[in-house]
Amino acid sequence: MVSYFDATLSQLSIHYTGNKLQDELYRLSDKPLAIADETLSDLLMQYFIKPFDKVNEVYRLSHPSGNLGLNELFHFSSGIFTNPENFHENSIQIAKHLYDVSSHPKIKPGELYVVYFNRLQIEGELHEAIGIFKSETKEAYLKVQTEEGGFNLNYEQEAINIKKLDKGCVIFNTEKEEGYKVTIVDQTNNNEAAYWIDDFLNLSIRNDSYTQTNNTLSIYKKFITTQVDEEFSVSKTDKIDLLNRSIKYFKEKDQFNMDEFSNEVIGYAEGIESFKTYKKNYEQEFDAPITDNFSINTAAVKKQARAYKSILKLDKNFHIYIHGNKDLIEKGFDEEKNMSFYKVYFRDEQ
């Protein structure tokens with residue numbers, strides 16, 4: 001999605017933000033950092049942008065009021081894009097804003113890097129871009145040095161692993177009226193990490209084919225795994241089959257059509273009506289409308305396919321992977337052993 005093959009790093013300012021709730025302070029640099037070493041510049045580019053290689057979701061800066069001008073990052077980014085000479089002053093304001101929203105007790109302190117890129121590529125187009133990255137996790141590194149008669153071993157504490165970016169976002173100077181194109185990385189899985197996306201950046205996801213495909217598969221999976229049991233009597237093998245058929249549909253089709261999908265995958269009127277109601281409720285709850293017809297995005301299908309599980313777990317003894325015809329597996333009950341069993345039919349043993 002994001003490529004830095006032609007990109008250059010033109011400006012870099014580093015600040016430090018603590019946890020405001022814990023009465024930690026922030027530290028601001030007086031001026032941008034000059035990067036004269038080409039190797040260091042290449043390493044920084046790898047650290048900042050490499051994690052975005054496989055990021056497909058595109059977001060927009062937004063504000064609950066609908067007034068983009070009230071989004072702090074939109075205001076500061078627009079100031080940088082309009083007058084790059086004011087880059088450092090705006091980077092200071094970005095650091096102060098991050099500090100102000102760092103009010104969850106588990107938010108970690110760390111260095112904040114604000115970067116100005118030239119010729120950074122997204123979706124095949126080159127743009128100027130602003131990168132905002134935070135390093136929270138430090139590691140110890142061993143350093144082996146040669147010396148007369150052998151080697152010397154040393155170490156460095158509190159070092160940064162350039163292959164592990166904790167948090168980052170890139171704001172591209174395009175489609176300003178819609179809130180720019182924004183991509184994000186957030187390696188923190190905890191709930192408190194929402195401060196980066198919601199409080200600091202205030203993002204809304206772009207409603208494109210990737211999002212439509214990803215959301216539809218996600219909604220369908222939740223419907224099968226949580227809602228179906230409440231309304232219908234469906235065996236586990238049938239539920240796995242319903243999931244497999246949905247992935248098969250998305251892999252084989254170029255266009256999604258709700259009626260076609262419902263008839264081919266679900267196949268019975270009550271289930272179709274229940275799924276459409278479930279989808280509608282999701283759209284209303286999360287304010288994320290999904291059209292009944294859209295182009296299927298293969299990257300989103302691959303992502304969701306990894307999350308779809310076709311495994312039948314039996315106690316702690318067996319896992320049965322069901323990839324195809326569910327009619328080749330039968331469930332029964334052995335009264336003598338007082339245990340359930342599955343009978344599996346196959347032609348070749350591999």
Side-chain angles (χ1 to χ4, degrees), residues 1-9 42-62 71 73-74 77 94 98 110 112-137 160-176 178-191 193-218 221 250 286 288 290 294-308:
M1 174 60 75
V2 178
S3 171
Y4 60 95
F5 180 76
D6 293 318
T8 58
L9 190 159
D42 291 342
L43 289 173
L44 287 173
M45 193 70 79
Q46 178 184 338
Y47 176 50
F48 293 143
I49 304 300
K50 186 67 174 176
F52 291 85
D53 275 355
K54 297 182 180 180
V55 172
N56 292 287
E57 295 92 337
V58 176
Y59 292 81
R60 307 286 195 191
L61 297 173
S62 63
N71 181 300
L73 263 296
F74 180 83
S77 298
I94 290 172
L98 178 61
L112 181 72
Y113 309 84
V114 184
V115 187
Y116 195 83
F117 297 103
N118 293 318
R119 298 178 61 80
L120 196 60
Q121 183 181 115
I122 183 172
E123 298 180 333
E125 297 180 348
L126 298 175
H127 300 285
E128 295 177 336
I130 298 165
I132 305 169
F133 313 97
K134 188 182 178 190
S135 60
E136 299 174 337
T137 305
I160 297 171
N161 186 340
I162 65 169
K163 294 184 178 180
K164 294 182 180 179
L165 176 66
D166 291 311
K167 290 180 173 64
C169 83
V170 181
I171 303 169
F172 293 85
N173 189 16
T174 181
E175 301 180 6
K176 176 180 179 179
E178 299 175 47
Y180 296 116
K181 287 184 181 180
V182 184
T183 58
I184 62 168
V185 167
D186 191 345
Q187 301 297 342
T188 307
N189 295 319
N190 299 326
N191 291 332
Y195 88 97
W196 180 257
I197 297 174
D198 298 332
D199 300 330
F200 175 55
L201 297 170
N202 204 333
L203 296 178
S204 60
I205 195 163
R206 186 179 67 172
N207 200 18
D208 56 6
S209 66
Y210 182 94
T211 303
Q212 299 268 330
T213 303
N214 187 66
N215 285 352
T216 300
L217 278 168
S218 179
K221 179 187 174 185
F250 274 84
F286 294 97
I290 301 173
F294 56 82
S295 297
I296 292 175
N297 185 287
T298 56
V301 175
K302 289 179 181 178
K303 175 187 175 184
Q304 284 292 335
R306 291 193 293 267
Y308 270 52

Next on the checklist: Is any side-chain heavy atom of N207 closer than 4.5 Å to one of Q212?
Outcome noted: yes
Item to check | Closest contact, heavy atoms only, S135 versus Y47 | outcome: CB-OH, 3.2 Å
Next on the checklist: Using modelled atom types and a 3.5 Å cut-off, is there a donor and acceptor pairing between side-chain atoms of S62 and backbone atoms of N202?
Outcome noted: yes
Checklist entry - Could you state the interatomic distance from OH (Y195) to CG (L201), rounded to the nearest 0.5 Å? => result 10.0 Å
Item to check | Sub-4.5 Å side-chain heavy-atom contact between I184 and L203 | outcome: yes
Checklist entry - Rounded to the nearest 0.5 Å, how far does CD of E123 lie from CG of L126? => result 13.0 Å
Item to check | Step-by-step side chain to side chain contact (heavy atoms under 4.5 Å, CB included) determination, L165 to F133 | outcome: CA-CA 8 Å; L165 176 66; F133 313 97; 3.9 Å; yes
Checklist entry - Any side-chain heavy-atom pair from K167 and E136 closer than 4.5 angstrom? => result yes
Checklist entry - Among all residues two or more places apart in sequence or in another chain, which pass the salt bridge (Lys or Arg N to Asp or Glu O under 4.0 Å) test with K50? => result D53
Checklist entry - Counting only N and O atoms by type, is there a donor-acceptor contact under 3.5 Å from the side chain of N215 to the main-chain atoms of I290? => result no
Checklist entry - Any side-chain heavy atom of V170 within less than 4.5 Å of one from V182? => result no
Item to check | Flag side-chain contact, heavy atom, 4.5 Å: K176 against F74 | outcome: yes
Next on the checklist: I'd like to check the salt bridge (Lys or Arg N to Asp or Glu O under 4.0 Å) partners of K164; sequence neighbours left out, ordered by chain and number.
Outcome noted: E139
Item to check | Residues in side-chain contact (heavy atoms from CB on, under 4.5 Å) contact with D208, at least two apart in sequence or another chain | outcome: R206, Y210, T211
Next on the checklist: Is the shortest side-chain heavy-atom distance between Q121 and V2 below 4.5 Å?
Outcome noted: no
Item to check | Nearest non-hydrogen partners of P51 and V185, listed with the distance | outcome: O-CG2, 3.9 Å
Checklist entry - Taking only residues two or more places apart in sequence, or in another chain, which ones meet S218 in a side-chain contact (heavy atoms from CB on, under 4.5 Å)? => result K222, Q304
Item to check | Distance in Å, I49 CD1 paired with L9 CG, rounded so as to fall on 0.5 Å steps | outcome: 8.5 Å
Next on the checklist: Measuring only between side-chain heavy atoms, which start at C-beta, is T8 closer than 4.5 Å to F117?
Outcome noted: no
Checklist entry - Quick one: does T213's side chain have a donor or acceptor within less than 3.5 Å of a partner on N297's backbone? => result yes
Checklist outcome for this item: Rounding to 0.5 Å, atoms CG (N56) and CG (N214) come to a distance of 9.0 Å
Next on the checklist: Tell me whether E57 is salt-bridged to K303, with the criterion being a basic N under 4.0 Å from an acidic carboxylate O.
Outcome noted: yes
Item to check | Set of side-chain contact (heavy atoms from CB on, under 4.5 Å) partners for E175, sequence neighbours left out | outcome: R60, E178, K181
Next on the checklist: Restricting to salt bridge (Lys or Arg N to Asp or Glu O under 4.0 Å), what partner residues turn up for K221, sequence neighbours left out?
Outcome noted: none
Checklist outcome for this item: All heavy atoms of L217 vs all of V301, minimum pair found to be CD1-CA, 4.1 Å
Checklist entry - What's the spacing between F200 CZ and C169 SG if we round to 0.5 Å? => result 6.0 Å
Checklist entry - Of all heavy-atom pairs between T183 and I122, which one has the smallest distance, and what is that distance? => result CG2-CD1, 3.9 Å
Checklist entry - When I132 is tested against each of L73, V115, L98 for side chain to side chain contact (heavy atoms under 4.5 Å, CB included), which residue passes? => result L73
Checklist outcome for this item: So CZ of R119 and OG of S3: to nearest 0.5 Å the spacing works out to 11.0 Å
Next on the checklist: Just so I know, are the side chains of Y4 and L120 near enough to count as touching, which here means a heavy-atom distance under 4.5 Å?
Outcome noted: yes
